[in-house]
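Single-structure report; data block below.
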Amino acid sequence: MKKFSCVKYIFISFSFVLFLGCSAIMTSIGNNKITNAINTYNSRGTTTDGTLELISGLDYAPDSQLGVTQYQKQYLEITGIKNNILNNKNFSHQDINALNLYLLTIEEFEKIHSKVPNIKIDYNDFNRSKIKINKIFEEFVLKDEKLYISRNQKIQNINYYKRMNKYLNSYVINSVILNLENDVIVNLYISSSFRSFSKLDYLVTNSLVHASDMNINRNLGNYVIFKGFKSYVTPNQKNYYIDFNFSNVYIRTLETREETKEDNKIFIARKKITLSGYYKIYSQNSSSYNKYFEFNETYSIRIKENNGTTLFDDEYDIIKNILEDKFSNLIRFDLTKQINVK
């Protein structure tokens, strides 16, 4: 019984020490965040980054009087700016950003308010102001130019409207965002006019097709959707077509050697596959142009003799996996960078 009590005491003591250690680490992290936030405020004033850093610091170190004082200071400052802006009749981007920062300052703090109950927020004023801000934001978005601007500008507006709507979830703003997203989405198709004459040539083309199938309907970013391999698609404002052609496809042996392990002979050949060519991009939004590409990959194959039986690595599968991986990376990371959408 005494032995059990001793073990229990040691366990409780260890848990308490561990808790104190973790608590000290959390407090240290919080204090560092608060210090960084204050430095940001002193150099740039109230900012989104600085406010988020300050609130995160209070989340880690809610007992920090320095953090509490700093938050109250910034809360009163951004509330005063908000009050002045709400008296205006017209609103600039700077006004919209300031109102959005006001929403962020309170909405993000509300998530940790229970940890820092001594900070008082006027939620009645906040709720009244939020209704007014919602109306201002909706009118701003509806008046903003949407037709005679470039695709890139439309995408910038989408991102801006999403930031504006983060704490409002306005149906009006969401509808505008959805319409703009439908307007800027581009479907990307690829094909190949390469004529195959050898088994390796066919393997290259089939690997491109399979890599396309692996990535079909993938969002490549910037509202470019990869739609896969197709023999031909008529280019238009919504459809982009990329044709692949290969100028060099060859395999070179770099080294051969023989090893003996446990009376078994192993013949090893180290090889290198090289593939180069270009792809041509077709679109109504820009003139077609060629983009050169090239990749190399080294691999090894083994031939093993064991008790009169010869075992070969499947070189076909090795090359197929290399090509599919290379083409897949090209589709995911390179194609969208080359699309010049105005």
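What you see below is based on every heavy atom in this structure, not just the backbone, and it leaves out hydrogens, waters and symmetry mates.
Remark: Ile190 CD1 to Lys227 NZ distance equals 14.0 Å, nearest 0.5 Å. Remark: Thr46 OG1 to Glu77 CD distance equals 5.0 Å, nearest 0.5 Å. Taking CD1 of Ile319 as the start and CD1 of Ile322 as the end, the distance is 7.0 Å to the nearest 0.5 Å. Here CD1 of Ile177 is found 8.0 Å from CG of Leu180. Values are rounded to the nearest 0.5 Å. Atom NZ of Lys271 is separated from atom OG1 of Thr298 by 12.5 Å, given to the nearest 0.5 angstrom. Atom OG1 of Thr27 and atom CG of Asn32 lie 11.0 Å apart (nearest 0.5 Å).
Residues satisfying the side-chain contact (heavy atoms from CB on, under 4.5 Å) test with Glu145, not counting sequence neighbours, are Leu147, Tyr148, Ile149. Applying the side-chain contact (heavy atoms from CB on, under 4.5 Å) criterion to Arg128, with sequence neighbours excluded, gives Asn124, Asp125. Under the side-chain hydrogen bond (donor to acceptor under 3.5 Å, both in side chains) criterion, Tyr161 pairs with Asp144, not counting sequence neighbours. Scanning for ring-ring contact (aromatic ring centres under 6.0 Å, His included) contacts around Phe295 gives Phe327, with sequence neighbours left out. By the side-chain contact (heavy atoms from CB on, under 4.5 Å) test, Lys135 is found to be paired with Glu139, residues two or more places apart in sequence or in another chain being considered. Residues that satisfy the ring-ring contact (aromatic ring centres under 6.0 Å, His included) test with His113, not counting sequence neighbours, are Phe109, Tyr123. Residues passing the ring-ring contact (aromatic ring centres under 6.0 Å, His included) test with Phe140 are His93, sequence neighbours excluded.
Remark: the backbone N or O of Leu52 is not paired with any side-chain donor or acceptor of Ser56 at under 3.5 angstrom. Asn236 places a side-chain N or O within donor-acceptor distance of the main-chain N or O of Asn239, the cut-off being under 3.5 Å. For the pair Lys146 (side chain) and Leu142 (backbone), a donor-acceptor distance under 3.5 Å is present. Counting only distance, with no hydrogens or angles, the side chain of Ser276 and the backbone of Ser247 share no donor-acceptor pair below 3.5 Å. Not a single donor-acceptor pair under 3.5 Å links the side chain of Ser212 to the backbone N or O of Gly228. Between the Asp243 side chain and the Lys280 main chain, no donor and acceptor come within less than 3.5 Å of each other. A donor-acceptor pair under 3.5 Å is formed between the side chain of Lys120 and the backbone N or O of Pro117. When atom types are taken as modelled, the side chain of Thr51 and the backbone of Thr48 share no donor-acceptor pair closer than 3.5 angstrom. Without hydrogens or angle criteria, Arg151 side chain to Val184 main chain gives a donor-acceptor distance under 3.5 Å.
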Going through the distances and angles, do Arg332 and Asn215 end up as a side-chain contact (heavy atoms from CB on, under 4.5 Å)? CA-CA 8 Å; Arg332 295 181 186 183; Asn215 291 282; 2.8 Å; yes

Step-by-step side-chain contact (heavy atoms from CB on, under 4.5 Å) determination, Glu53 to Thr40: CA-CA 9 Å; Glu53 184 87 347; Thr40 300; over 6 Å; no

Verdict with supporting geometry, Val172 and Val141, side-chain contact (heavy atoms from CB on, under 4.5 Å): CA-CA 9 Å; Val172 172; Val141 169; over 6 Å; no

Please lay out, stage by stage, how Leu330 and Tyr279 fare under the test side-chain contact (heavy atoms from CB on, under 4.5 Å). CA-CA 11 Å; Leu330 190 148; Tyr279 51 86; 4.2 Å; yes

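Pro235 and Tyr282 make their closest contact through CG-CB, 3.7 Å (heavy atoms, listed as atom of the first residue, atom of the second, distance). A pairwise comparison of heavy atoms in Phe91 and Asn88 identifies CZ-O, 3.3 Å as the closest pair. Shown here for Tyr167 and Glu108, the closest heavy-atom pair between the two residues is OH-OE2, 2.7 Å. Lys33 and Gly57 get closest at one heavy-atom pair: CB-CA, 3.7 Å. Nearest approach of Leu208 to Phe246, heavy atoms of both residues: CD2-CZ, 4.1 Å. Listed here is the closest heavy atom pair of Gly50 and Ala37: O-CB, 3.5 Å.
Sorted by first and then second residue, the salt bridge (Lys or Arg N to Asp or Glu O under 4.0 Å) pairs involving residues 171-192 (not counting sequence neighbours) are Lys154-Asp183, Lys162-Glu181. Annotation: ring pair (Phe, Tyr, Trp, His ring centres under 6.0 Å) contacts involving residues 201-236, sequence neighbours excluded, comprise Tyr232-Tyr241. Within the structure, salt bridge (Lys or Arg N to Asp or Glu O under 4.0 Å) contacts touching residues 317-330 (residues at least two apart or in different chains) are Glu297-Lys326, Lys320-Glu324.
Grouped by direct or indirect side-chain proximity (heavy atoms under 4.5 Å, Ile/Leu/Val/Met/Phe/Trp/Tyr only), Tyr41 sits alone.
Using a 4.5 Å cut-off between side-chain heavy atoms of Ile, Leu, Val, Met, Phe, Trp and Tyr, with links allowed through other members, Ile318 and Ile251 fall into the same hydrophobic cluster. One hydrophobic cluster, built from ILVMFWY side chains closer than 4.5 Å, cannot hold both Leu203 and Met214; they sit in different ones. Both Tyr316 and Val209 belong to a single network of hydrophobic side chains, linked directly or stepwise wherever heavy atoms of I, L, V, M, F, W or Y lie under 4.5 Å apart. Put simply, Leu220 and Ile185 are part of two different groups of oily side chains (I, L, V, M, F, W, Y) that touch within less than 4.5 Å, one to the next.
Here the side chains of Leu66 and Asn31 are not in contact, with every heavy-atom distance at 4.5 Å or above. A heavy-atom distance below 4.5 Å is found between the side chains of Ile155 and Asn159. Side-chain atoms of Ile106 and Tyr75, non-hydrogen and from C-beta on, do get closer than 4.5 Å to each other. Two residues are said to be in side-chain contact when any heavy atoms from C-beta on lie closer than 4.5 Å; Ile242 and Leu188 meet this criterion. For the pair Asn165 and Phe137, the minimum side-chain heavy-atom distance is 4.5 Å or more. Between Leu86 and Ile136 the shortest side-chain heavy-atom distance falls below 4.5 Å. Side-chain contact check for Leu58 versus Val68: some heavy-atom pair is nearer than 4.5 Å. A 4.5 Å side-chain heavy-atom check between Val204 and Phe244 finds every atom pair outside the cut-off.
In this structure, Gln94 places its CD atom where only 12 or fewer heavy-atom neighbours from other residues, nucleotides or ligands lie under 6.0 Å away. Residue Asn90 qualifies as open at atom CG: its count of foreign heavy atoms under 6.0 Å is 12 or below.
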Residues 98-105 side chain polar contacts: donor-acceptor under 3.5 Å, at least two apart:
from	atom 1	to	atom 2	distance (Å)
Asn100	ND2	Arg163	O	3.1
Thr105	OG1	Leu101	O	2.7

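Glu107 and Lys166 are not joined by a salt bridge, as no carboxylate oxygen comes within less than 4.0 angstrom of a charged side-chain nitrogen.
Annotation: Tyr292 is not in aromatic contact with Tyr278 [ring centroid separation under 6.0 Å not met].
Asn152 and Gln156 form no side-chain donor-acceptor contact under 3.5 Å, judged by distance and modelled atom types alone.
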